[in-house]
There are 2 protein chains.
Amino acid sequence: MERRNTPTKQAVLELLVKSGKAMSREAIEKEITQNINRATIYRVLNRFCEDDVLHRIVAEDGKQYFAVCVNCYDKVLSGHHFHFRCVKCDTIECLPIAVEFSISNSYQVDNVNCVLSGTCKDCSV
Amino acid sequence: MERRNTPTKQAVLELLVKSGKAMSREAIEKEITQNINRATIYRVLNRFCEDDVLHRIVAEDGKQYFAVCVNCYDKVLSGHHFHFRCVKCDTIECLPIAVEFSISNSYQVDNVNCVLSGTCKDCSV
DNA sequence: TAATTATTGCGAATAAATCGCATTTACATG
DNA sequence: CATGTAAATGCGATTTATTCGCAATAATTA
Ligand SMILES: [Mn+2]
Ligand SMILES: [Mn+2]
Ligand SMILES: [Zn+2]
Ligand SMILES: [Zn+2]
């Protein structure tokens with residue numbers, strides 16, 4: 001199952017890099033110039049997650065959002081971090097705030113999903 | 001919109017108290033003895049959340065889970081706390097681990113949803 | 001007991017995400 | 001450059017969680 005380079009993949013990744021935020025399939029489909037099928041967008045996003053190019057956030061609206069995994073300038077974002085979902089502008093941003101907890105090692109933690117929600121700084125006028 | 005007491009509400013709440021865990025509509029419908037309609041279960045759960053009798057957790061499976069709000073013996077559970085979802089036994093438990101973060105007050109945080117997932121202590125043999 | 005209206009049941013409607021399958025296309029190889 | 005293989009895509013159908021509209025039922029209060 002080798003990966004191939006396609007215009008679709010490039011466009012989706014470019015958009016996510018440019019936006020700098022986590023986007024839903026809906027938002028991607030709305031903002032992208034190309035005409036890409038709904039199922040294809042999901043498949044592209046899922047493959048990127050498998051390859052650790054993107055990470056997936058599930059918000060309290062039950063929807064999936066996807067963001068590029070940055071790990072250069074900000075160490076905290078390479079690990080588990082909080083996310084903030086603004087219910088007004090419906091965007092999710094990766095916060096540079098690490099998620100910290102200590103739990104008995106009888107639990108095996110495979111995944112961490114932390115989302116704060118409310119009104120973001122741009123919308124809270 | 002005054003609330004009325006009904007067998008249905010009682011049964012749902014009793015089950016959630018007894019289980020001591022967060023349950024999905026599906027799990028509730030499966031374990032409850034009464035025959036309660038699907039939509040009714042959701043409505044009962046949503047009303048309990050409005051009244052702060054239950055709290056709602058949205059897991060990375062995109063589903064909603066509901067748990068009683070305990071705030072007696074364990075103070076931490078009265079505030080925001082982590083949850084753990086076991087992908088093997090498909091239960092969610094409220095962890096007595098407080099969620100801590102500091103964020104610029106230009107953000108208005110209305111809701112906190114933090115879920116760890118993996119294998120719980122009972123299933124990790 | 002009767003009136004009011006919250007609650008319920010039922011079926012249809014929404015909406016997110018996935019699936020099956022035929023078709024297209026990226027890419028390696030000769 | 002031509003060609004074979006399998007990855008990627010498009011399309012429509014499907015699955016699944018949750019909600020909605022509306023008529024029927026039942027809790028509560030007077
Ligand atoms: Mn992130
Ligand atoms: Mn909880
Ligand atoms: Zn905003
Ligand atoms: Zn378990």
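Chain identifiers are assigned alphabetically (A, B, ...) following the order of the sequence lines, protein sequences preceding nucleic acid strands; residue numbering begins at 1 within each chain.
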(request) Rounded to the nearest angstrom, tell me the gap between atom NZ in A/Lys63 and atom P in C/dA15. (result) 10 Å
(request) Find the distance B/Glu2:CD to D/dA27:C1' and express it as a whole number of Å. (result) 11 Å
(message) Tell me if the side-chain of B/Arg43 makes a donor-acceptor pair with the base of C/dT8, cut-off 3.5 Å, by modelled atom types.
(response) no
(message) Within the 4.5 Å heavy-atom criterion, are A/Leu54 and A/Val68 side-chain neighbours or not?
(response) yes
(message) Rounded to whole Å, how long is the line connecting atom CD of B/Glu60 with atom C1' of C/dA17?
(response) 16 Å
(request) Could you check which of C/dT8, C/dT4, C/dA16 has an atom nearest any side-chain atom of B/Lys9? (result) C/dT8
(request) Drop me the distance from A/His80's NE2 to A/Asn113's CG, to the nearest 0.5 angstrom. (result) 10.5 Å
(request) For the side chain of B/Gln64, starting at C-beta, report the closest nucleotide among D/dT19, D/dA8, D/dT28. (result) D/dT19
(request) Give a yes/no on whether any side-chain N or O of A/Thr6 is located under 4.0 angstrom from OP1 or OP2 of D/dA7. (result) no
(request) Please check the phosphate of D/dC20 (OP1 and OP2 only) for any side-chain N or O of B/Arg38 closer than 4.0 Å. (result) no
(request) May I ask you to say whether B/Lys18 pairs ionically with B/Glu14, meaning some side-chain N is under 4.0 Å from a carboxylate O? (result) no
(message) If you only use heavy atoms from C-beta on, which nucleotide in D/dA17, D/dA7, D/dT9 is closest to the side chain of A/Thr8?
(response) D/dT9
(request) Provide, to the nearest angstrom, the distance between the CG atom belonging to B/Asp61 and the C1' atom belonging to D/dT15. (result) 15 Å
(request) Let me know, please, whether A/Pro7 or B/Arg56 comes out on the 5' side of the other along DNA chain D by nearest nucleotide. (result) A/Pro7
(request) Taking only the side-chain heavy atoms of A/Tyr42 (C-beta and beyond), determine which of C/dT18, D/dC11, C/dC27 contains the nearest atom. (result) C/dT18
(request) Would you mind reading off the distance between A/Arg4 atom CZ and C/dC27 atom C1', rounded to a whole angstrom? (result) 6 Å
(request) Rounded off to whole Å, could you give me the CD-to-C1' distance for the A/Gln10 and C/dT25 pair? (result) 14 Å
(message) Is there a side-chain contact between A/Thr40 and the phosphate of D/dG10, meaning an N or O under 4.0 Å from OP1 or OP2?
(response) yes
(request) Grab the CD1-P distance between A/Ile36 and D/dC11 for me, whole Å please. (result) 12 Å
(message) Go through it in stages, so that I can follow the logic: the residues are B/Leu16 and B/Phe48, the test is side-chain contact (heavy atoms from CB on, under 4.5 Å), and I'd like the CA-CA distance, side-chain angles, deciding distance and then a yes or no.
(response) CA-CA 11 Å; B/Leu16 282 168; B/Phe48 275 143; 5.9 Å; no
(message) Set out, in order, the CA-CA distance, both residues' side-chain angles and the distance that settles side-chain contact (heavy atoms from CB on, under 4.5 Å) for B/Thr8 and B/Gln34, then state yes or no.
(response) CA-CA 8 Å; B/Thr8 295; B/Gln34 286 89 337; over 6 Å; no
(request) Using heavy atoms to find the nearest nucleotide of DNA chain D for B/Asn46 and A/Ala39 separately, return the residue whose nucleotide is more 5′. (result) A/Ala39
(request) Take atom CZ of A/Arg47 and atom C1' of D/dA6, then tell me their distance rounded to the nearest Å. (result) 12 Å
